[in-house]
Amino acid sequence: MTIDYLEWGALLLAAAFFALLYYLDRKRHVDFGVRTILALGLGIVVGLAFKGHYTYVAAVGTIYAHVISAVVVPLLIFSITASITNLSSSIRLKNIGLKTVLFLELNTLIASIITLLASIATNIGDGFVYELATDYEAAEVPTFVDTIISLFPQNLASHWADGEVVPIVLFVILVALSYNALAAENAEQVAPFKAFIDAGNRVMGKVVNIVIGFTPYAVLSLVARAVSRNALSDLLPLLSVLVLAYVLCAVQLFLVEGVLLRVIGRLNPIAFFKGIWPAGVVAFTSQSSVGTIPVTVNQLTKKLGVNEDIASFVASLGANLGMPGCAGVWPVLLSVFAVHILGLEYSAAQYAFLVVLAVVVSVGTVGVPGTATITATAVFAAAGLPVEVIVLLSPISSIVDMARTATNVVGAATAATLVAATEEGQLNHEVYGQNLQGKKNDRTIPQQV
């Protein structure tokens, strides 16, 4: 057997860089985003140093893509069930709960549609040269009728094995709604089920954190393979994804949310943005929707006059449901990018299916760094697109995540404000209007911990 020393040399160099990344994580506690960006540079070094020799190095990225694909379905099962079953104990469930879900999902729907149109108009991904793994086979895109039929569950085991996410999600929603109906009659009778779901949701959240923690190593691996196979100049179009993502998040955050507030809530959007901006800043810097909840609730109640119960409920649910940045903009943008680099011919109905997938997947997400990777993976799996494209864009994703998280948090705050505005007596218009009058509030903004 002939030994390819260059292949082993590439692997040894990559292993040395892996050790460096591990050291920076465990000993120096370097930020995850910084390590991911560093991994991008180190991957370029490996690819340039061992041009054409990437087989062993690429295995790390391939394994990561496989594992993260395996996490998607169980995560969605527990997170979606937990999100919907939490509604059963909410006050004024029928009005507030349904309005909350409606406004959160409306945000994601609009974000997905705008992203789809912008991605197609800019032809994002055109000219990008990237060779997929040899074991990848493009899935045949279904017709419109087949698409509608395939949305509904038939065999959960086969759906799971084939990566068909939507039927599983619809079945999970049915189960969660059934629990709510039974809990309304006798909560103690179904309490063990709820305890199992909540515990499972926490466990899967930990699994996601562990898997996402290996992202820098996978990025180094796949970038090394990409550079080794192609010229470095061929990878520059990735920057167009970064720019477009920020533009789309800005449009969603300021224009879309402003229009929703004006049209549905009949409120001045300028007053809203003045009141909510501290939560947006914390979200942008922390990259955690869940971690921003205390600041979001404080701003909603003290600066915007939203009822405290509504603010707490909607902000908490909005950190796990909807999320226009992570579940709307990013998955659809990457999907269209992948469609273009693969040279697939998508019809209008097939593109619309991507929006449907994004909205369905957004029913249950986790508001922590790495959420967008999970949502994008779920959409890719359902659409038959290669997950490794998502991993390749991870360095850019870590930068975009700041804008995505701010978009998520402001979107949830918009939903809370709209719910309060459309419920009699739940929005203090005098407090809301103080943002336009320039009056100061004695309450201080809680500092990020």
Side-chain angles (χ1 to χ4, degrees), residues 65-88 101 105 108 135-183 189-208 210-211 320-323 326-327 331 335 350 352-366 370-371 373-387 390:
H66 288 175
V67 173
I68 203 168
S69 296
V71 170
V72 169
V73 171
L75 174 65
L76 290 178
I77 289 175
F78 283 103
S79 62
I80 292 175
T81 307
S83 295
I84 297 177
T85 53
N86 286 339
L87 289 173
S88 65
V101 174
E105 289 303 303
T108 305
D135 60 349
Y136 168 71
E137 295 182 5
E140 182 180 352
V141 180
T143 64
F144 179 75
V145 174
D146 290 337
T147 296
I148 298 300
I149 296 175
S150 66
L151 291 177
F152 297 90
Q154 179 182 14
N155 185 315
L156 294 182
S158 64
H159 292 320
W160 190 328
D162 296 336
E164 297 169 353
V165 176
V166 179
I168 294 177
V169 170
L170 292 182
F171 180 80
V172 168
I173 293 174
L174 176 61
V175 171
L177 293 177
S178 299
Y179 165 86
N180 285 353
L182 292 173
Q189 187 178 17
V190 289
F193 176 81
K194 178 59 176 171
F196 167 71
I197 290 298
D198 289 342
N201 191 38
R202 290 192 293 271
V203 170
M204 288 310 304
K206 181 63 176 179
V207 171
V208 170
I210 293 174
V211 175
N320 295 275
L321 186 148
M323 307 183 72
C326 288
S335 296
Q350 291 161 347
F353 183 50
L354 294 177
V355 174
V356 173
L357 291 174
V359 173
V360 171
V361 168
S362 72
V363 172
T365 51
V366 182
T371 295
T373 301
I374 298 298
T375 55
T377 302
V379 172
F380 269 53
L385 298 172
V387 174
I390 301 173

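In this chain, numbering begins with 1 at the start of the sequence shown. Hydrogens, waters and symmetry mates are skipped; everything else that's a heavy atom, side chains included, is used. Worth saying up front: this structure is predicted, and the values here are computed from it rather than measured.
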Checklist entry - Would you call Thr81 and Phe196 a side-chain contact if the rule is heavy atoms closer than 4.5 Å? => result no
Item to check | Least distance between heavy atoms, Phe380 atom then Pro386 atom | outcome: CD2-O, 3.2 Å
Checklist entry - Could you go step by step and tell me if Val175 and Phe193 meet the side chain to side chain contact (heavy atoms under 4.5 Å, CB included) rule? => result CA-CA 11 Å; Val175 171; Phe193 176 81; 3.8 Å; yes
Next on the checklist: Quick check on side-chain contact (heavy atoms from CB on, under 4.5 Å): which of Thr375, Val355, Thr108 does Pro331 satisfy it with?
Outcome noted: Thr375
Item to check | Shortest non-hydrogen separation from Ala82 to Ile197 and the atoms involved | outcome: N-CG2, 3.6 Å
Next on the checklist: With rounding to the nearest 0.5 angstrom, report the CG to CD1 distance, Leu156 to Ile77.
Outcome noted: 8.0 Å
Next on the checklist: So, taking the atom named CG in Leu182 and the one named OG1 in Thr85, what distance separates them when rounded to the nearest 0.5 Å?
Outcome noted: 12.5 Å
Checklist outcome for this item: With sequence neighbours left out, the residues meeting side-chain contact (heavy atoms from CB on, under 4.5 Å) with Ile210 are Lys206, Phe214
